[in-house]
Amino acid sequence: MDLDHKPPIAQALTVLGLESSCDETAAALVRLHVDGRVEILSDCITDQIEAHTPYGGVVPEIAARQHADIMDQVVAQTMREANLSYGELDGVAATCGPGLIGGVLVGMMTGKAIALAANLPFIAINHLEGHALSPRLGASLPFPYLLLLVSGGHTQLLAIEGLGQYHRYGSTLDDAVGEAFDKAAKIMGLGFPGGPAVEKIAKSGNAKRFELPRPLAKRSGCDFSYSGLKSAVQRIWQGLDNPSSQDKADLAASFQLAATDILVRQTKKALVRFAEQFANTHLVVAGGVAANALVRAQLETLANTHGFAFLAPPLRYCTDNGAMIALAGAEHLARGQTSALDVAARPRWPLDEAAANQNPASGSGKKGPKS
Ligand code: KG4
Ligand code: ZN
C-alpha cells in the first residue's frame with residue numbers, strides 16, 4: 001500500500017500500542033512492513049460510556065480507575081487475538097500524553113512494565129501524533145499533508161511534513177469542537193457522548209431554523225473558537241418554552257451546521273497556505289469529530305474544489321484507539337527513536353512546541369490546555 005514512505009528497516013516490525021488518555025481503554029498490535037505497508041494484527045477498544053453517563057461527561061478519577069481495572073485484560077485479549085507472545089514483538093508503545101493524567105499513567109506504566117519484563121524497547125507516544133498518523137491505518141498517504149485534528153480535547157490545523165515534523169497553522173482559542181458537541185448535547189439532555197447523539201437527532205432537524213454565531217470570520221489566520229457557539233445554544237435552549245423533540249432536532253441540526261461551517265472556513269484558509277508551501281495536495285481529517293458524516297462530506301467538497309484529495313481514517317480509527325499508537329510507535333522504532341523507562345507522562349504535550357509556546361491558546365476542557 002504505502003510505497004511512498006518505506007521505513008528504514010530490513011525486516012517488519014511488530015509493535016504493541018496502548019491508549020488510555022481519555023475514556024477508551026485500548027490496545028492493538030500493528031506490523032509495519034519493509035515496503036511501508038501497515039497491517040493491523042489485532043485491535044481491542046473498551047469504552048467507559050456506562051461509568052460516565054450519570055455525570056454527563058468524563059470524570060477523570062473514574063476514568064483512571066476503570067483503565068487500571070481492565071488494561072491488563074485488554075492487553076491479554078489483544079495478544080490472544082493475534083496469537084503472539086511478548087517475545088515475538090519488537091517494541092511496546094504507549095500514549096504518554098497529552099490527556100487526563102491518571103489514565104495516561106495507567107497505559108504508560110503498563111507499557112513500561114511489559115517492555116521491562118519482555119526486554120523490549122519502549123516508545124513514548126504523543127496521543128496527537130497517533131491521531132495525525134491514523135489515516136495511514138487505512139490507506140497509503142505520502143507526506144506532507146494538511147491535517148485537521150478534531151477531537152474532544154483538540155481542534156488544530158497542522159502541516160504534517162514528516163514523522164516528527166509538525167507545523168501548526170491554527171488551533172482553538174477556547175473550547176475544542178468535540179467539547180462543543182458534548183456540551184450542546186448536555187444542554188439539550190441528549191446524553192453522553194454528545195457528538196454521536198447530536199448527529200443522530202440532527203438528521204430529522206432543520207439546520208436553518210436557528211441563527212448561530214460563526215466567530216473569527218474577519219480575523220486572519222486559522223484559529224478556531226467554539227465557546228460562543230455553545231453559549232448561543234444555551235441561550236436559545238433556555239428561551240424555548242417546553243421544547244418539543246422537533247425543537248431539539250432543529251437546534252441540534254443548526255448547531256452541527258454552524259460547528260461544521262467554522263471548521264470548513266478555517267480549513268479553507270489553511271488549504272491556501274499549504275498549497276503555497278507544498279506541491280502535495282492531501283487534506284486529512286482525524287480525531288473523534290472526523291466520525292461525523294456532515295463534517296466529512298463538507299471537508300471533502302472543500303478539498304475537491306481546491307484540487308486536494310480528501311482522506312479520513314476508517315470510522316473505528318477516528319476515535320481513540322490503540323492501533324494509531326502502535327503505528328506511531330513502529331514508525332519511531334524504525335528510526336531508532338525509543339524512550340528511556342524513566343520518561344515522564346505529560347498532561348500537556350503540543351505537537352508543534354514552538355507554535356504552542358509563542359501562542360499558548362488554551363482552555364480548560366477535559367483534556368486541559370488545547371495548544
Ligand atoms: O478522539 P476522541 O475519541 O477523544 C479525544 O481525544 O478527545 O474524540 C472524542 C470526541 C468527543 O467530543 C465526541 O463527542 C466526538 O469526538 N465525536 C463526535 C462524533 N463521534 C465522536 N462528534 C461529532 N459527531 C460524531 N459522530
Ligand atoms: Zn483522541
Side-chain angles (χ1 to χ4, degrees), residues 17-26 45-49 52-53 56-58 60 63 67 94-100 103-104 107 125-135 137 147-156 171-172 175-188 190-203 226 229-230 252-253 255-260 262-263 285-299 312-325 327-328 347-349 351 363 365-370:
L18 309 183
E19 161 59 38
S20 56
S21 65
C22 193
D23 58 342
E24 268 95 15
T25 317
I45 305 173
T46 308
D47 68 47
Q48 306 179 346
I49 292 175
H52 300 294
T53 296
V58 179
H67 288 307
T95 292
C96 291
L100 301 173
V104 170
I125 297 299
N126 183 324
H127 178 81
L128 302 176
E129 182 174 51
H131 278 304
L133 301 179
S134 63
L137 291 166
L147 172 75
L148 173 64
L149 177 56
V150 278
S151 71
H154 300 272
T155 308
Q156 305 185 16
S171 89
T172 184
D175 292 349
V177 59
E179 196 177 351
F181 268 94
D182 293 334
K183 287 180 178 170
K186 199 169 179 178
I187 291 165
M188 292 184 270
L190 297 177
F192 167 84
V198 169
E199 178 170 25
K200 191 165 171 219
I201 191 171
K203 286 199 176 89
Y226 277 97
L229 179 55
K230 171 202 66 192
F255 162 81
Q256 184 178 243
L257 183 63
T260 307
I262 297 168
L263 288 180
V285 64
V289 182
N292 185 284
L294 182 69
V295 169
R296 287 167 96 104
Q298 301 276 53
L299 287 172
L315 281 181
R316 182 173 174 83
Y317 302 119
C318 285
T319 44
D320 291 349
N321 63 87
M324 67 184 193
I325 304 304
L327 171 59
R348 179 178 177 280
W349 186 358
L351 270 185
K366 65 175 181 173
K367 287 204 158 183
K370 295 172 192 68

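Excluded from the calculations below are hydrogen atoms, water molecules and symmetry mates; all remaining heavy atoms, backbone and side chain alike, are included. Each ligand, and each atom within it, is numbered from 1 in the order the structure gives.
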### Query
Looking at ligand 1, does any of its N/O atoms fall within less than 3.5 Å of an N/O of G152?
yes

### Query
When you measure from the side chain of R296 to the backbone N and O of A290, does any donor-acceptor pair fall under 3.5 Å?
yes

### Message
Under 2.8 Å from the Zn ion (ligand 2) - does any N, O or S atom of H127 fall there?
### Response
yes

### Task
Using distance alone, determine whether G195 and ligand 1 share an N or O pair under 3.5 Å.
yes

### Message
Is any side-chain heavy atom of L294 closer than 4.5 Å to one of E199?
### Response
no

### Query
Would you say C22 has any N or O atom under 3.5 Å from an N or O of ligand 1, going by distance alone?
no

### Task
List for me each residue that meets ring-ring contact (aromatic ring centres under 6.0 Å, His included) alongside F255, sequence neighbours excluded, and say none if there are none.
F181

### Summary
A student comparing D23, N292, D320, V295 should find that the heavy atom closest to atom 24 (N) of ligand 1 comes from N292

### Message
So, regarding G288 and ligand 1 (criterion: nitrogen or oxygen to nitrogen or oxygen, under 3.5 Å), is there a contact or not?
### Response
yes

### Query
For V177, does its backbone N or O pair with a side-chain atom of T155 as donor and acceptor, under 3.5 Å?
yes

### Task
Quick one: list whatever passes side-chain contact (heavy atoms from CB on, under 4.5 Å) with E24, sequence neighbours left out.
I45, D47, D320

### Query
Going by the order shown, which atoms of ligand 1 are within less than 4.0 Å of some heavy atom of H127?
6 (O)

### Message
At a threshold of 2.8 Å, where the distance has to be below it, does the Zn ion (ligand 2) have an N, O or S atom of H131 nearby?
### Response
yes

### Query
Between T319 and ligand 1, which residue portion shows a heavy-atom distance shorter than 4.0 Å: side chain, backbone, both, or neither?
both

### Query
Can you tell me if Q256 uses its side chain to pair, donor with acceptor, with the backbone of V198 under 3.5 Å?
no

### Summary
The answer for which part of H131 has a heavy atom under 4.0 Å from ligand 1 is side chain

### Query
So do N321 and E19 actually touch side chain to side chain, heavy atoms under 4.5 Å?
no

### Message
Considering L100, D182, I45 one by one, which has a heavy atom nearer to atom 11 (C) of ligand 1 than any of the others?
### Response
D182

### Query
In D320, which N, O or S atom comes closest to the Zn ion (ligand 2)?
OD1

### E199: numbered ligand 1 atoms lying under 4.0 Å from its heavy atoms
24 (N), 25 (C), 26 (N)

### Query
Would you say T25's side chain and S20's backbone share a donor-acceptor pair under 3.5 angstrom?
no

### Message
Out of all atoms in ligand 1, which are within 4.0 Å of some heavy atom of G178? Include the element for each.
### Response
12 (O)

